[in-house]
Amino acid sequence: DGGITQSPKYLFRKEGQNVTLSCEQNLNHDAMYWYRQDPGQGLRLIYYSQIVNDFQKGDIAEGYSVSREKKESFPLTVTSAQKNPTAFYLCASSTGTSNEQFFGPGTRLTVL
Amino acid sequence: AQKVTQAQTEISVVEKEDVTLDCVYETRDTTYYLFWYKQPPSGELVFLIRRNSFDEQNEISGRYSWNFQKSTSSFNFTITASQVVDSAVYFCALDLPLSNFGNEKLTFGTGTRLTIIP
């Protein structure tokens with residue numbers, strides 16, 4: 001079945017450690033996105049990529065990094081520079097920017 | 001900068017009642033897209049509708065309907081004859097396809113939590 005996978009669903013890390021969240025899609029979509037969701041808040045765009053080997057910063061890129069070496073993969077690294085990394089992270093993809101996005105199930109990251 | 005306001009934080013209605021979720025947006029751009037997404041308890045967002053700024057026709061899809069009014073910068077969502085399965089958080093979003101800056105490109109509202117009481 002086509003879709004977006006994010007793993008793991010729950011992730012725990014110690015403060016000061018970098019952690020990489022995976023996002024894979026088999027929808028053949030060009031564009032991919034990373035969002036952060038905090039309780040009672042909407043989604044905030046961290047990074048997005050319109051094409052392989054290219055990506056753009058969103059609203060809250062500080063403390064995060066991404067890569068887009070393959071069309072189907074868009075991993076997000078939460079670095080130790082991110083002051084408050086505990087949140088729910090959602091990955092999405094679309095056939096092009098401004099088209100409807102398809103979302104993965106999310107990863108809930110807790111930094112202890 | 002653009003902004004999306006969903007003033008209703010939480011709404012509860014009894015099953016079979018109609019309910020309208022409000023969305024008000026702000027942008028100086030004349031070309032933009034508006035979206036509604038549903039987030040059930042599982043967490044994964046589900047696309048509901050996309051509307052471009054040049055198409056003000058209202059849309060109906062089954063029990064769902066959307067009212068787009070540029071004059072009031074609103075894009076409201078109505079569920080008719082609500083069902084328990086409609087319980088979720090609903091997000092309105094604004095996309096600016098011609099923006100040169102990624103951080104002004106896509107903005108979500110804070111969401112409305114809808115609870116349908118059986």
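All figures in this text were calculated on a predicted structure; none of them were measured in a lab.
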Ion pair present between R63(B) and D86(B), side-chain N to carboxylate O less than 4.0 angstrom?
-> yes
With a 4.5 angstrom heavy-atom cut-off, which part of Q6(B) approaches chain A: side chain, backbone, both or neither?
-> neither
Contact part of Y35(A) toward chain B, heavy-atom cut-off under 4.5 Å: side chain, backbone, both or neither?
-> side chain
Flag the one option from F91(B), Y33(B), Y32(B) with the top tally of heavy-atom pairs under 4.5 Å to chain A.
-> F91(B)
Would you please classify the geometry between the Y64(B) ring and the W66(B) ring as parallel, tilted or perpendicular, with 30° and 60° separating the classes?
-> perpendicular
Against chain B, label L43(A) side chain, backbone, both or neither, depending on which of its atoms sit under 4.5 Å from a heavy atom there.
-> both
Among Q101(A), Q41(A), R108(A), which has the most heavy-atom pairs under 4.5 Å with chain B?
-> Q101(A)
More than 12 heavy atoms from other groups under 6.0 Å of CG on L112(A) = yes
Per-residue contact mode, Q6(A) against chain B (heavy atom under 4.5 angstrom) = neither
Going by the angle between their ring planes, with limits at 30° and 60°, are F68(B) and Y25(B) parallel, tilted or perpendicular?
-> tilted
With only heavy atoms counted, which part of Y47(A) is less than 4.5 Å from chain B, the side chain, the backbone, both or neither?
-> neither
Using 30° and 60° as the class limits, which term best fits the ring planes of F108(B) and Y37(B): parallel, tilted or perpendicular?
-> tilted
Please say whether more than 12 non-hydrogen atoms of neighbouring residues, nucleotides or ligands are located less than 6.0 Å from CD in E62(A).
-> no
